[in-house]
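Below is one structure, written out as structure tokens, with a few remarks after it.
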Protein chains: 2
Amino acid sequence: MPTARNVLSPDALAMVQTIAETGSFAAAARARNMVPSALTYRVRQMEDALDVLLFDRSSRQARLTAAGAELLREGARVLADIDAIANRVKRVATGWEPQLTIAVDSIINHATVMELCKDFLAPDPPTRLKLRDETLSGTLEALTSGQADLALGVALDAGTAPGLQREPLGTVRFAFVVAPHHPLAREPEPLSDDVIRRHRAVAVADSVQRGGGITVGLLPGQDVLTVSSMPAKLDAQLRGLGVGFLATCLAQPYMDTGRLVVKSVERAEQSIPFSYAWHKGGKAAQGRALQWWLERLKNRVTRAALLGLIATSLPH
Amino acid sequence: MPTARNVLSPDALAMVQTIAETGSFAAAARARNMVPSALTYRVRQMEDALDVLLFDRSSRQARLTAAGAELLREGARVLADIDAIANRVKRVATGWEPQLTIAVDSIINHATVMELCKDFLAPDPPTRLKLRDETLSGTLEALTSGQADLALGVALDAGTAPGLQREPLGTVRFAFVVAPHHPLAREPEPLSDDVIRRHRAVAVADSVQRGGGITVGLLPGQDVLTVSSMPAKLDAQLRGLGVGFLATCLAQPYMDTGRLVVKSVERAEQSIPFSYAWHKGGKAAQGRALQWWLERLKNRVTRAALLGLIATSLPH
DNA sequence: CGGCATCATTCAAAATATTTGAATGAAGGA
DNA sequence: TCCTTCATTCAAATATTTTGAATGATGCCG
């Protein structure tokens, strides 16, 4: 007793295609190096399993019924799927992961990440790439929760989790900067906490999904404008909507042109080391995609470019 | 020599699923009423065809490799597709079309069409329904060009094509109406062509795809605002953006509340009969979906509702 | 209209593929 | 260490598919 799952093999669907293309059972049998009765037998098997006639045989050449035409149409898509799957399974067996998810902190230079993606994807690897934008403790959490395979831009004091490997990217200096038209621009230095507290701060929202998240650099009782990334924080401060620390590498072009002014403050100035992290496991446990990225991240210039410390010009 | 197209049958994919779910070859064999060696043989066939190991056999229970996991993941979708196709082919064989396309003129009452669609789709027929909005000669052309199976709202003087069947929906009266704040509202009646020509007309664009299309009711040299449907024409005239004829059934609520004013004109007033049309062919050549619609369109109340001559309350 | 080529099918035999069941070696739990 | 249960091997049994000859039907061409 044949069932649909037994007889609707890709080869059977391909046979229906050949019949439609050649116009007759006889021609299709010749094209497939079969004897006509074998082809008749197999079509019958399909018709029995589906309990419908796929072909109208009242004329000399058998013609597709409406049901047969429907099977032809839908079957073409399944055929393409199967061929793609077979190809994909074979390629994954070579050691490449089906997918690699990278959590990218908003401090990380976006253009550099894109350049790396371009290099990775150029030889058409089997691995699909997925980027997730994160901020603050959300970057590491994506990794520890298993939602990401690699995290770029983890602050070194952001806690430690067992089972993770880390390597340093470099250190980012933060400066307290304001727009030149902001009232704080005219205050005598160094600025005290009391003076700063009277003005709105610009803060980046933590992208963490579990727990309360962290806030950085806020003074008690201070008004705050919350944005979703470091570039957005920069923009808000350029517009004089608020004040706060910015990575000097990010703010430097604007400091050079006078659109931002550095103010010295009584608080300790910040200088934070960032790293990248991935799950522990020897080289044998890592897919080739992750190995590719870890290899590229070893490069000193790449690291600096990711932190925006130099212009994007990666070595190959 | 097995190939991917031979061995990646839906039944084989289902077998991989059972192995993953039960956790071992032995349990999967029991679940499928097979002897263990038969299952081993079939897995081997798949592995040979794909030239990859789908299972790691170094432990007591065989475990999926990365390639095997990929096949499991992608295979689930193909399985669902195949089952849906088998179901669909069988239902199409019952006489229902895979798809029915209806061209609906913009004079037709939209809510009534939706009510009919709802009734048609309620018993979950195999036929997919596709509506196309058309205007003027585009409505009939969709039918004659084979892009629609049924046309609702064909003007009776819109030409005849061989091979079509027609039935009347009813007659729509058109009145020349203007917004009360429009300058023409204060002109003495009946309005001559010379007076009308000085004011912008609102015209509906013909949706026809071949040929130049037709324009209705424009005077030579008259300014025109072209919109895409009768409801849009009504809206433009309510806003006093232009003037022209409107179906009285469409304009009546606004005439009653004084938002539109009827003006008598020297030109002959329009009263146009509309019909619906489909391809010639006896009942045996029509799918059951088209038959359903033709049966419903025989009803006198349905016809009036489609022309907006009565409120939408269809008999079942 | 008749003849002929070619179509799809039937049928039984041949060939091939799949399944069975017993035996074996290995993993892993108590 | 012993025992259960795992996956595999192997040859025989069973099932399925293919073959090839014969047949009846369609439809083209002279």
Side-chain angles (χ1 to χ4, degrees), chain A residues 1-65 67-69 71-72, chain B residues 1-65 67-69 71-72:
Chain A
M1 177 58 217
T3 63
R5 285 185 167 191
N6 281 332
V7 305
L8 288 188
S9 68
D11 187 56
L13 296 175
M15 185 180 71
V16 172
Q17 272 191 350
T18 306
I19 295 168
E21 284 160 6
T22 57
S24 73
F25 282 13
R30 283 193 299 272
R32 292 173 60 90
N33 292 306
M34 295 165 74
V35 292
S37 52
L39 191 132
T40 295
Y41 171 88
R42 289 190 67 182
V43 170
R44 281 286 188 213
Q45 290 289 89
M46 294 172 82
E47 288 175 328
D48 288 347
L50 295 169
D51 195 25
V52 304
L53 284 187
L54 299 173
F55 293 92
D56 168 12
R57 296 158 172 83
S58 58
S59 57
R60 183 179 171 78
Q61 277 93 12
R63 285 176 303 179
L64 282 170
T65 59
L71 182 66
L72 179 69
Chain B
M1 176 61 214
T3 64
R5 284 186 166 188
N6 280 334
V7 306
L8 289 187
S9 70
D11 187 57
L13 296 175
M15 184 180 72
V16 173
Q17 273 191 351
T18 306
I19 295 169
E21 283 160 7
T22 57
S24 73
F25 281 13
R30 283 195 298 270
R32 293 174 59 93
N33 292 305
M34 295 166 72
V35 292
S37 53
L39 189 133
T40 295
Y41 170 89
R42 290 191 67 184
V43 170
R44 281 284 190 216
Q45 290 289 90
M46 294 173 80
E47 287 174 327
D48 287 349
L50 295 169
D51 196 25
V52 303
L53 284 187
L54 298 173
F55 293 92
D56 169 13
R57 295 160 172 81
S58 58
S59 56
R60 184 180 170 76
Q61 276 93 16
R63 286 177 302 180
L64 281 170
T65 60
L71 182 65
L72 179 68

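Letters A, B, ... are given to chains in the order of the sequence lines, protein chains preceding strands, and every chain is numbered from 1.
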The side chain of [X] is closest to which nucleotide in this list: [options]?
X      : options                  : result
Y41(B) : dT19(C), dT8(D), dT19(D) : dT19(C)
P36(B) : dT8(D), dA27(C), dT19(D) : dT8(D)
Q61(B) : dA8(C), dC6(D), dT20(C)  : dC6(D)
R30(B) : dA8(C), dT8(D), dC6(D)   : dC6(D)
T40(A) : dA8(C), dG21(C), dA7(D)  : dA8(C)
S24(A) : dA8(C), dA7(D), dC10(D)  : dA8(C)

(message) Under 4.0 Å, counting only non-hydrogen atoms across every strand here, what does A26(B) touch: a base, just sugar-phosphate, or nothing?
(response)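 Touches sugar-phosphate only.
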Without decimals, in angstroms, what is the distance between [X] [atom1] and [N] [atom2]?
X      : N       : atom1 : atom2 : result
N6(A)  : dT17(D) : CG    : P     : 9 Å
N33(A) : dG20(D) : CG    : C1'   : 16 Å
R57(A) : dT10(C) : CZ    : C1'   : 13 Å
M15(A) : dA8(C)  : CE    : P     : 13 Å
D48(B) : dT18(C) : CG    : P     : 12 Å
D11(B) : dT16(D) : CG    : P     : 13 Å
M34(A) : dT17(D) : CE    : P     : 11 Å
R44(B) : dT19(C) : CZ    : P     : 16 Å

(request) For T40(A) and F25(A), work out which heavy atoms get closest and say how close. (result)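 For T40(A) and F25(A), the tightest heavy-atom pair comes out as OG1-CD2, 4.1 Å.
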(request) Drop me the distance from R57(A)'s CZ to R63(A)'s CZ, to the nearest 0.5 angstrom. (result)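 These two atoms lie 12.5 Å from each other.
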(message) Quick check for you: to the nearest 0.5 Å, what is the distance between L72(B) atom CG and L13(B) atom CG?
(response)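 The CG atom of L72(B) sits 9.5 Å away from the CG atom of L13(B).
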(message) Could you check whether the side chain of S59(B) and the base of dG28(C) have a donor-acceptor pair of N or O atoms closer than 3.5 Å, going by distance alone?
(response)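 When only heavy-atom distances are counted, S59(B) does not reach the base of dG28(C) through any donor-acceptor pair under 3.5 Å.
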(request) Let me see the working for D56(B) and S58(B) under side chain to side chain donor-acceptor pair (under 3.5 Å), right down to the final yes or no. (result) CA-CA 6 Å; D56(B) 169 13; S58(B) 58; 2.9 Å; yes
(request) Please figure out whether R42(B) or R60(B) has its closest DNA chain C nucleotide nearer the 5' end. (result)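 On the 5' side of the pair lies R42(B).
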(message) Need to verify one output field. Residue with the more 5' nearest nucleotide on DNA chain D, V35(A) or S58(A)?
(response)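 It is V35(A), whose closest nucleotide lies nearer the 5' terminus.
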(request) Please check the phosphate of dT18(C) (OP1 and OP2 only) for any side-chain N or O of Q45(B) closer than 4.0 Å. (result)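 For Q45(B), the contact criterion (side-chain N or O under 4.0 Å from OP1 or OP2 of dT18(C)) is met.
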(request) Answer yes or no: is there a side-chain heavy-atom contact under 4.5 Å between V52(B) and L71(B)? (result)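 Answer no - side chains too far apart.
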